[in-house]
Amino acid sequence: MAPANFPIPTGSLLALGVLLFCIGLYGALTKRNLIIVLVSIELMLNAANINLVTFSRLGVAPSLSGQVFSLFTITVAAAEIAVGLALLIAVFRLRRTSEVQDLNVHKW
Amino acid sequence: MSISWPLVIFYVIALLTLCCAVLMLSFRKVIYMALTIGGVFVGCAAVYFLLGADFVGVAQILIYAGAITILIMFAIMLTNHEAAEPPLSWNLKNVASAVGCVLLAVVLLLAVRSTNWPGGGATTDINGGNTNPIVIGLMLFKQYTIPFELVSVLLIVALVGAVILAQDRKEDE
């Protein structure tokens, strides 16, 4: 009897990652509120995490490295969102706005 | 033909996660967007549990669904909390972004579909007999000690930096 495969196909998991990444990319490119742009970037990082965990279980050489790597990604994402929101609050205090198109001091 | 329950559960979770993500794009009020992004994070954690990555799933719930969602809510409350996105307008930037994202998604999905992925055995044990958190702890402190310490330094620098950035400075100092 052939060994049974893992019930969830790899392609479906990767497709979920692809769709989440593209939704996040669209949000980051089109949304006007700075907080939502940050949240969309978090969504893209999450999609990358799904891929890492998927390949740690279903890759050619399954090992725990993918899971450890995704833990590092989560930590870096937490640092990123903390700094991003602190910048957002500083900008809001200075300019009274949290919209992307109002932050055009350095625009040519 | 028996129904494979993990597969059904996975598709339900994936559908709910994608629904939450699309809802996030379609809501107008910023605070609703922050709520739906919590749903996306919990859905990702459920996928991790299905894949047997218990520790990463719990970390995802703690850090993303707990801390980051609440942090975003606080940021919304500290800035203008009644902010709303304008209704969707089809100007050049939005159309170009939408076309670009759809093209990227189609290309990636075709690539995923046309590749022959290794299936992975149902009984593959990547934990080496122990439970998942034990093995991850051993790996973090034996094999990945230096990256672990570097990441902790990065985190403390980022958080102290965040406090310094966000504190109220007098202009005449």
Side-chain angles (χ1 to χ4, degrees), chain A residues 3-16 18-20 22-23 25-27 29-33 35-36 38-39 42-43 46 49-50 53-54 56-60 62-64 67-68 70-72 74-76 78-83 85-90 92-93 98-99, chain B residues 4 6-7 10 14 18 21-22 25 30 33 37 40-41 44 47-48 50-53 56 59-60 63 67-68 71-72 75-76 78-80 83 85-86 94 97-98 101 104-105 108-109 112-113 117-122 124 126 135-136 139-140 144 147 151 154-155 158-159 161-162 165-166:
Chain A
N5 272 345
F6 192 70
I8 306 170
T10 315
S12 306
L13 286 156
L14 295 183
L16 175 66
V18 166
L19 290 175
L20 276 184
C22 288
I23 290 174
L25 184 60
Y26 177 76
L29 286 177
T30 58
K31 291 295 171 186
R32 288 173 56 176
N33 195 302
I35 298 175
I36 301 305
L38 274 174
V39 164
E42 292 296 308
L43 206 59
N46 245 299
N49 272 346
I50 286 184
V53 176
T54 300
S56 97
R57 178 69 177 81
L58 296 170
V60 180
S63 78
L64 276 178
Q67 295 183 19
V68 174
S70 69
L71 281 177
F72 286 141
I74 290 176
T75 319
V76 173
E80 175 240 319
I81 197 93
V83 174
L85 291 179
L87 280 174
L88 172 79
I89 289 173
F92 184 78
R93 190 176 291 135
S98 64
E99 301 218 334
Chain B
S4 159
L7 189 61
F10 166 72
L18 288 176
V22 173
L25 289 185
V30 174
M33 294 180 175
I37 201 72
V40 176
F41 291 154
C44 288
V47 173
Y48 298 157
L50 278 180
L51 282 167
V56 182
Q60 165 94 6
I63 298 175
I68 289 186
L71 198 61
I72 289 167
I76 292 172
L78 285 175
T79 57
N80 52 344
E85 291 281 326
N94 283 1
S97 312
C101 291
L104 180 66
L108 286 177
L109 283 175
V112 164
R113 199 182 154 77
W117 300 104
T124 308
I126 55 174
V135 189
I136 288 206
M139 247 185 139
L140 274 182
Y144 291 101
V151 150
L154 170 77
L155 197 60
L159 293 183
L165 279 175

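Just so we're on the same page: letters track the sequence lines, and every chain starts at 1. Heavy-atom basis, side chains included; hydrogens, waters and symmetry copies ignored.
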Name the region of [X], side chain, backbone, both or neither, that has any atom closer than 4.5 Å to a heavy atom of chain B.
| X | answer |
| --- | --- |
| A:Tyr26 | both |
| A:Leu13 | both |
| A:Ile36 | side chain |
| A:Leu29 | both |

Is [X] close to chain A through its backbone or its side chain, or both, or neither, when contacts mean heavy atoms under 4.5 Å?
| X | answer |
| --- | --- |
| B:Ile72 | both |
| B:Val40 | side chain |
| B:Leu51 | both |

Can you tell me which of [options] forms the most heavy-atom pairs within a distance under 4.5 Å of chain A?
| options | value |
| --- | --- |
| B:Val151, B:Leu25, B:Leu71 | B:Leu25 |
| B:Ala158, B:Pro147, B:Cys101 | B:Cys101 |
| B:Val112, B:Leu159, B:Leu50 | B:Val112 |
| B:Val47, B:Leu154, B:Val22, B:Ile37 | B:Ile37 |

Quick check for you: to the nearest 0.5 Å, what is the distance between [X] atom [atom1] and [Y] atom [atom2]?
| X | Y | atom1 | atom2 | value |
| --- | --- | --- | --- | --- |
| B:Leu108 | A:Leu14 | CG | CG | 10.0 Å |
| A:Ile35 | B:Thr79 | CD1 | OG1 | 4.0 Å |
| A:Thr30 | B:Asn94 | OG1 | CG | 5.5 Å |

Please find the pair of heavy atoms, one from B:Ile68 and one from A:Ala78, that lie closest to each other, and give the distance. CD1-CA, 4.1 Å

Could you pull out the closest heavy-atom pair between B:Ala105 and A:Val18, with the gap in Å? O-CG1, 4.0 Å

Taking every non-hydrogen pair under 4.5 Å, which of [options] racks up the most with chain B?
| options | value |
| --- | --- |
| A:Leu71, A:Leu85, A:Asn46, A:Ile81 | A:Asn46 |
| A:Leu88, A:Ile74, A:Ile89, A:Leu38 | A:Ile74 |
| A:Cys22, A:Ser63, A:Gly11 | A:Cys22 |

Closer than 3.5 angstrom, by distance alone: can the side chain of A:Arg93 be matched with the main-chain N or O of B:Ala166 as a donor-acceptor pair? yes

side-chain contact (heavy atoms from CB on, under 4.5 Å) between A:Ser12 and B:Leu7, worked out: CA-CA 10 Å; A:Ser12 306; B:Leu7 189 61; 5.5 Å; no

side-chain contact (heavy atoms from CB on, under 4.5 Å) for B:Ile63 and A:Thr75? Distances and angles first, verdict last. CA-CA 8 Å; B:Ile63 298 175; A:Thr75 319; 5.6 Å; no

Would you say the side chain of B:Ser97 lies within less than 4.5 Å of the side chain of A:Leu25, judging by non-hydrogen atoms? no

For a 4.5 angstrom cut-off between non-hydrogen side-chain atoms, does B:Tyr48 reach A:Gln67? no

